[in-house]
Amino acid sequence: MNTERRNAMDLLETLKKRGFVEQMTDEAGLIEHLAKGPSSVYIGFDPTADSLHCGSMVPLMALAHLQRAGHRVLPLVGGATGLIGDPSGKTELRKLLSAEQIKKNIEGLKEQIGRFISFEKQDAKIVNNADWFAGRSYIEFLRDVGRHFSVNRMLANKTYKDRFEGENGLNFIEFNYQLFQAFDFMHLYKEEGCRIQMGGNDQWGNICAGVDLIRRVLGKDDAFAVTFPLITTSSGAKMGKTADGAIWLDAARTSPHDFFQYWRNVPDTDVDRFLKLFTFLELSEIADLTKDGGQALNAAKEKLAFEVTKIVHGEAEANKAKSGARGEVSAMPTVTVNKSDFDGDGQGILNVFSKIAEMAKSNGDVRRAIQGGGLYVNDEKVTDPKGSLTLADFNDDGDCFLRFGKKKKKRLKLA
RNA sequence: GGGUAGAUACCGAAGCGGUCAAACGGGGCAGACUGUAAAUCUGCUGGCUCAGCCUUCGGAGGUUCGAAUCCUCCUCUGCCCA
């Protein structure tokens, strides 16, 4: 067996062992193909918001692994398809976004994708399907692409079938989505030499449609599909979603501190899986971290949180978040306040927690916390919702420590 | 275009003239127990200047002392027919 072939197999094995692979077409053929030298891979990202959330980290990490293995990666932002909305895995019609909004979202996405893969070399390039759909006529598209699709077969496809039979219906615009995605793949096959498309398992039908289209139109059988498993937490919740919303990669939406905490608080049963998927640590090192189980997993969780935060927000922020999580004063999330605001009668305790420190949604939220006995100022339990915070509550360094529940802590610092 | 069913808080879902800030379940938050885990138990879960007040039941009007509940119109969605 030659080296190239071994490398190709190793790469696939690694991806499998790390939990990236749910399904793939023609594994033998794919190894064969990868062994021939650097290939190109594409994964689509929907520009439905101006930031990605951590559910998108699976595809991003997959691209990063492939790039590190020497392959060319093509993150595709769906400037055109975003205008339609993929029905896959959705139970209802997605709301349509304006072209302007999508353009703005794409800018945000580009920056974030860059944290996972490097654009410095020629082996990565962001592509936007709006570039090749923009000038295309409907008639031409129907004739060249549409005729290769059997409606019968599409309806049998789970993605469409569920919607077709479900309560919310499926409208024509969404029904076209698969054709667009298939066309994307074919276009990138021709123009960028892209041979592999990866995506979430809900994309399986769409990706295979592309593989099919390439075979029918171009007569080529060296296009491959690989899908990732749908990542859920062990409690079944979709990855990266909390009641407050998603965990975003954008620091303005989810602070590095909160981001770190999300990973730090992952359930025991998810640590091993997440370390493999969301960090670049060697598998042997991961095995080491998790082998003792039980309480020892806390160290693994901290490592997980640190590594993931480092990838997304950089090492400095990761270090800071780690120190903050350990309770070190200097790294605690801090709100700077004016001394004059706390003169005399000071500020009402409700106001301090809800408005100034933004640790609670409303004053009512703070009241409830007080009632439940979970609100602290300088580690002293607050019992009176009418109480207030004055200069006397700040120590010599001008610090005052607020705590909401066990985990939410902030420091107020006098300016 | 015709018919029909529906639109309730974060989600699902009761309520069908006053006792409704709205049952119940999920989720979430807090407390106890713990390991910043899980499981379990308890409390909370619209807003506020909080024993009181204000705004919510798709939207706009109307009936009534009183409407999430009745009437009219509108918007959206499902289903059936054309």
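Here is how names work: the chains are called A, B, and so on, in the same order as the sequence lines, proteins then strands, and each is numbered from 1.
The aromatic rings of A:Phe259 and A:His313 lie perpendicular to each other, with more than 60° between the two planes, well past the 30° mark. Between A:His33 and A:Phe224, the ring planes are tilted. Angles from 30° to 60° get that label. Using a 30° and 60° split on the angle between ring planes, A:Phe183 and A:Phe133 fall in the tilted class, from 30° to 60°.
As rounded to whole Å, 14 Å separates atom C1' of B:C44 from atom CD1 of A:Ile370. Atom pair A:Lys386:NZ and B:C48:P shows a separation of 15 Å (rounding to whole Å applied). Here B:G43 presents its C1' atom at 12 Å from CZ of A:Arg368, a figure rounded to the nearest Å. Spacing between atom CG of A:Asn265 and atom P of B:U34 amounts to 18 Å, rounded to whole angstrom units. Between A:Gln371 atom CD and B:A51 atom P there is a gap of 12 Å when expressed in whole angstrom units. As a whole-Å value, the separation of A:Leu350 CG from B:C48 P is 9 Å. Atom CG in A:Asp365 sits about 15 Å away from atom C1' in B:C50, given to the nearest Å. When the P atom of B:C29 is taken as reference, atom CD of A:Gln261 falls 13 Å away, rounded to whole Å.
Geometrically, A:Arg411 does not engage A:Phe401 in a cation-pi contact defined by less than 6.0 Å to the ring centre and at most 45° from the axis. Figure legend: A:Lys408 and A:Phe404 shown as a cation-pi pair, the cationic atom lying under 6.0 angstrom from the six-membered ring centre and within 45 degrees of its axis. Figure legend: A:Arg18 and A:Phe278 shown without cation-pi pairing, the cationic atom not lying both under 6.0 angstrom from the six-membered ring centre and within 45 degrees of its axis.
B:G27 and B:U36 have their P atoms separated by 23 Å, given to the nearest Å. Distance check on atom C1': B:A13 versus B:G17 gives 22 Å, rounded to whole Å. Annotation: B:A39 and B:U34 have their C1' atoms spaced 11 Å apart (nearest Å). Comparing the same atom, C1', in B:G15 and in B:A21 gives a spacing of 14 Å after rounding to whole Å.
Put simply, the side chain of A:Asn363 and the base of B:G47 share no donor and acceptor less than 3.5 Å apart.
Near RNA chain B, meaning a heavy atom under 4.0 Å away, the residues from residues 299-311 of chain A are A:Lys301.
Among the nucleotides B:U34, B:G35, B:A38, the one closest to any side-chain atom of A:Lys406 is B:U34. Relative to the side chain of A:Pro267, the nucleotides B:A30, B:G35, B:A38 differ in distance, and B:A38 lies closest. Ranking B:U49, B:A30, B:U36 by closeness to the A:Lys408 side chain, first place goes to B:A30.
In the displayed structure, A:Asp384 atom CG is contacted under 6.0 Å by more than 12 heavy atoms of other residues, nucleotides or ligands. Around atom NZ of A:Lys322, more than 12 heavy atoms belonging to other residues, nucleotides or ligands sit under 6.0 Å away.
In terms of position along RNA chain B, the nucleotide closest to A:Phe260 lies nearer the 5' end than the nucleotide closest to the other residue of the pair A:Arg367 and A:Phe260. Comparing A:Val266 and A:Ser362, the nucleotide of RNA chain B nearest to each residue sits closer to the 5' end for A:Val266.
Note on A:Ala325: a base of the nucleic acid sits closer than 4.0 angstrom, heavy atoms only. Residue contacts for A:Gly348: at a heavy-atom cut-off of 4.0 Å it reaches no nucleic acid atom on any strand shown.
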Annotated structure of RNA chain B as dot-bracket, pair cut-off 3.5 Å, Watson-Crick or G-U only, | for inter-strand, is ((((((((.[[[..)..(.....]]]((((((.......))))))(((...)))...[[[[[..)....]]]]]))))))).
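One finds a side-chain N or O of A:Lys407 lying less than 4.0 angstrom from the OP1 or OP2 phosphate oxygen of B:A37.
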